[in-house]
There are 2 protein chains.
Amino acid sequence: MRLPQYIRVLNTLYGESLEVVSSQQLGEMLQVTPAQIRKDLSYFGRFGKQGRGYSIKNLLAGLRQIVGLDRHWNVALVGLGRLGRAILSYPGLVPEGFEIVAAFDSNHEIIGQTVGNLKVQTVGELDETVTALDITIGIVAVPTQHAQVVTDQLVRCGVRAILNYAPIPLQAPEGVKIRSVDPVLSLQTMTYYLVNCSSPS
Amino acid sequence: MRLPQYIRVLNTLYGESLEVVSSQQLGEMLQVTPAQIRKDLSYFGRFGKQGRGYSIKNLLAGLRQIVGLDRHWNVALVGLGRLGRAILSYPGLVPEGFEIVAAFDSNHEIIGQTVGNLKVQTVGELDETVTALDITIGIVAVPTQHAQVVTDQLVRCGVRAILNYAPIPLQAPEGVKIRSVDPVLSLQTMTYYLVNCSSPS
DNA sequence: GCTTGTGAAGACCTTCACAGCA
DNA sequence: TGCTGTGAAGGTCTTCACAAGC
């Protein structure tokens with residue numbers, strides 16, 4: 001799914017007050033062939049004009065709707081260690097419609113603290129809060145050994161999408177979308193290519 | 001490239017003192033078909049034994065070598081805001097052979113500070129340090145508007161792989177591997193599926 | 001009997017190349 | 001002329017299904 005990346009660069013172009021962009025230009029920015037971009041977009045509609053390109057504003061609006069960014073998403077954050085706090089303070093979520101509206105931890109030294117406007121709750125309160133605030137997305141930023149139980153709990157409460165920062169593959173039932181952020185996997189993928197694909201000198 | 005994920009779960013299994021694992025079991029843990037796993041592994045060699053499965057220890061050693069984890073990788077971290085500090089304190093890098101051996105920032109309030117054993121240097125010292133310490137991997141954790149120039153500088157110093165935390169697609173010359181960690185893209189991918197693939201009720 | 005390794009088949013994704021429209 | 005939208009071609013990745021080996 002490349003639409004989010006398209007939205008990314010369209011946001012930038014929109015911020016630069018540009019009006020129109022071609023598949024050629026988008027392709028260069030994203031290191032993707034123009035044909036690829038046209039195919040991707042044509043699947044969802046006819047956004048472009050021949051001879052001109054795509055209206056940045058229109059395309060952006062169209063894509064944002066398709067990806068579901070024309071609405072607000074309430075998010076629960078579980079785990080308020082260093083990583084959780086970094087996520088909470090990240091300013092990039094709100095402009096895209098994602099708002100962390102509840103924070104949970106199991107450490108009694110952290111529970112009750114106020115971190116960035118939110119009072120940290122016990123994981124025991126998860127069920128009640130998730131339901132009350134209509135939370136559909138969870139972010140798991142707890143130590144590895146607790147990640148699966150936290151996930152199970154989130155799923156039981158009705159959360160449908162989970163962004164996982166723990167370095168293990170999480171299990172979840174059909175219908176629950178999981179995506180993992182794992183820097184070590186990314187680094188290892190790169191070392192693989194460094195070791196195996198370096199140009200002979 | 002799925003090898004890093006295989007290494008992940010093999011590490012876990014190894015820690016549980018298990019000896020042998022089948023493609024079936026690995027597949028369940030990773031939500032991948034057994035055939036997929038056998039194909040992946042067969043590309044690199046014949047690691048398994050019919051009727052038994054794969055020796056966890058042997059497979060792990062084999063894969064670690066293929067991915068280049070049988071050696072040590074020196075890493076430079078650029079940007080020591082909240083995110084950079086979270087990365088620096090992440091204990092998962094060293095066991096896999098990645099060591100952050102230098103830290104850089106452009107903020108004069110941060111330069112000179114000691115963060116987790118490392119003295120934060122100015123980005124002006126990047127060239128010298130990267131060369132002196134034989135650093136081949138860079139982590140970019142700076143504000144969006146500085147990410148591209150920092151990348152260019154790392155590339156000039158000879159860094160061959162960059163892990164990017166800034167929410168923009170970075171440009172780099174052929175031969176330099178870039179991988180981006182972007183939670184917002186992950187969230188948007190999930191909302192896309194939530195909005196478009198939810199079972200009709 | 002159980003599980004691998006693998007050719008063949010199938011599904012999916014990407015690129016090509018061009019008609020058609022601004 | 002310039003660029004999109006799109007069938008067709010080409011390529012890659014995944015699954016199937018089974019012979020071979022433990």
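Predicted model only: the values in this text are computed from it and were never measured. Every chain is numbered from 1 and lettered A, B, ... according to where its sequence line falls, protein lines coming before strand lines. Every heavy atom of this structure was used, including side-chain atoms; hydrogens, water molecules and symmetry mates were not.
The side chain of B/S23 places no N or O atom within less than 4.0 Å of a non-bridging phosphate oxygen (OP1 or OP2) of C/dT3. Contact check, A/R46 against D/dT6: a side-chain N or O comes under 4.0 Å of OP1 or OP2. A sub-4.0 Å separation between OP1 or OP2 of D/dG5 and a side-chain N or O of A/Y54 is present. When the side-chain nitrogen and oxygen atoms of A/Q36 are compared with OP1 and OP2 of C/dT15, one or more of them lie within a distance under 4.0 Å. Put simply, A/S22 has no side-chain N or O that comes within less than 4.0 Å of OP1 or OP2 on D/dC3. Phosphate proximity of D/dT14 to B/R2: present, with a side-chain N or O under 4.0 Å from OP1 or OP2.
What separates CD of A/Q24 from P of D/dG5 is a distance of 15 Å, to the nearest Å. Atom NZ of A/K49 is separated from atom C1' of C/dA22 by 9 Å (rounded to the nearest Å). Rounded to whole Å, the distance from CG on B/L30 to P on D/dT14 is 13 Å. One atom, CG of A/L59, and another, C1' of D/dT4, lie 13 Å apart when rounded to the nearest Å. With rounding to whole Å, A/L41 atom CG is found 9 Å from D/dT4 atom P. B/E19 places its CD atom 19 Å from the P atom of D/dC22, with the value rounded to the nearest Å.
Side-chain contact check for B/T151 and B/Q148: no donor-acceptor pair (N or O, by modelled atom type) lies under 3.5 Å.
Residue A/R52 is classed as a sugar-phosphate contact, given heavy-atom separations below 4.0 Å to backbone atoms only.
The shortest side-chain heavy-atom distance between B/M29 and B/V21 falls under the 4.5 Å cut-off.
Taking only side-chain atoms of B/Q50, from C-beta outward, the nucleotide of D/dG21, D/dT15, C/dG20 with the closest atom is D/dG21. For A/A35, counting side-chain heavy atoms from C-beta on, the closest listed nucleotide (C/dG5, D/dG5, C/dC16) is C/dC16. Of the listed nucleotides (D/dC22, D/dC18, D/dT6), D/dC18 has the atom at the smallest distance from the side chain of B/R38.
Judged by atom type and distance alone, B/K39 reaches the base of C/dG7 through a side-chain donor-acceptor pair under 3.5 Å.
A side chain to side chain contact (heavy atoms under 4.5 Å, CB included) with B/N74 holds for exactly one of B/V130, B/I100, B/I135; it is B/I135.
Of all non-hydrogen atoms in B/N164 and B/I168, the two that sit nearest each other are ND2-O, 3.2 Å.
Taking for each of B/G51 and A/T33 the nucleotide of DNA chain C with the nearest heavy atom, the 5'-most of the two is the partner of B/G51.
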Output, in order, the C-alpha distance, side-chain angles, deciding distance and verdict of side chain to side chain contact (heavy atoms under 4.5 Å, CB included) for B/E96 and A/L187.
-> CA-CA 10 Å; B/E96 297 298 313; A/L187 287 170; over 6 Å; no

